[in-house]
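Here the structure is laid out as structure tokens; the discussion comes afterwards.
Both counts, for ligands and for their atoms, begin at 1 and track the order of listing. All figures in this text were calculated on a predicted structure; none of them were measured in a lab.
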Amino acid sequence: MAVVLGPNRYGKAETRVVRITRDGGVHHLKDCNVSVSLSGDMGAVHRVGDNAAVLPTDSQKNTVFAFARKYGIAEIEEFALLLARHFVDSQPTIHHARVEVEEYFWDRVRTEGATDQGQHSFVRSGREIRTCVVHHDGPSSQATIVSGLKGLTVLNSTGSEFHGFIEDEYTTLRPTRDRVLATDVNAAWRHRGEHEDFGTSYERARRALLDAFAGTHSLSLQQTLYAMGGQVLEACAEICEIHLAMPNKHHFTVDLEPFGLDNPQEVFFAADRPYGLIEGAVLTDDAPDAGFAWE
Ligand SMILES: O=c1[nH]c(=O)c2[nH]c(=O)[nH]c2[nH]1
């Protein structure tokens, strides 16, 4: 029996980089978490510890900071592409780069009455986290770009039903015609190509997700998921595939009868676990092959 090296990759995970751009007294903040993962001619380092082909993860981290200084961070997809291309194109032993970036939003602090407030004071936003994953494997092939978001928490206080499901000997769930539907939207969408306005595209996709969540009278979270994915694809011609993972954040109507009280859908127990986890992909029928986009 012979032992061989299987798929492998390595890189610096979670470089936290904050880029401040000074526009006179007005500052702009970009707060990111960058994870680099490289692969290539890594047989010798695994077999005999020969590091000649290895670009240290420490250098990868330094590159993230240096690029943030040299080029700034506009859209996270552009920054990820810049890094991915740099690692593959500058190092003959590196054949593939995966760069993942998370962006954390900050809002300006604005104080009543003061005119110069908010120019350099920020409060971490309660918004979702914006994400992207870029793969690049050399000048001959197109990079793949997946954008997305995590933790977009939404709730419909009515307009949701769940009935008609299988009832077996273990079923206790009662069918309902009116329930609270809440979820944390985790979504990742694949762009058809490289040349996008990623900022506008992100806002359009996010808007479509929210519009579809609010606008769908839901018979199941699965139906809502499909409607949300479909609306993103309809609103954004530059996107060909979307993956969604949505926990069903159950809100159980509390039985207040022991206290002589009714509860006409007003008081809920918001359980945090266990939760139903609904996952699915929606794509256009002409979506090109995904390649390694989802790896
Ligand atoms: O929208 C739902 N989908 C399910 O599959 C499910 N299962 C469950 O217990 N509640 C729900 N709700």
Mind checking whether R16 and E102 have side chains closer than 4.5 Å, heavy atoms only?
no
Partner set under side chain to side chain contact (heavy atoms under 4.5 Å, CB included) for V101, not counting sequence neighbours:
C32, V34, I76, A80, V99, C132
Straight-line distance of R19 CZ to F79 CZ, nearest 0.5 Å:
9.0 Å
If you group Ile, Leu, Val, Met, Phe, Trp and Tyr whenever their side-chain heavy atoms sit less than 4.5 Å apart, what else falls in with Y104?
I129
Can you list every protein residue that has a heavy atom under 4.0 Å from any atom of ligand 1, sorted by chain and residue number?
F162, L173, R179, S220, L221, Q222, N248
Apply side chain to side chain contact (heavy atoms under 4.5 Å, CB included) to P7 and list each qualifying residue two or more places apart in sequence or on a separate chain.
none
Roughly how far, to the nearest 0.5 Å, is CG of L221 from CE of M246?
4.5 Å
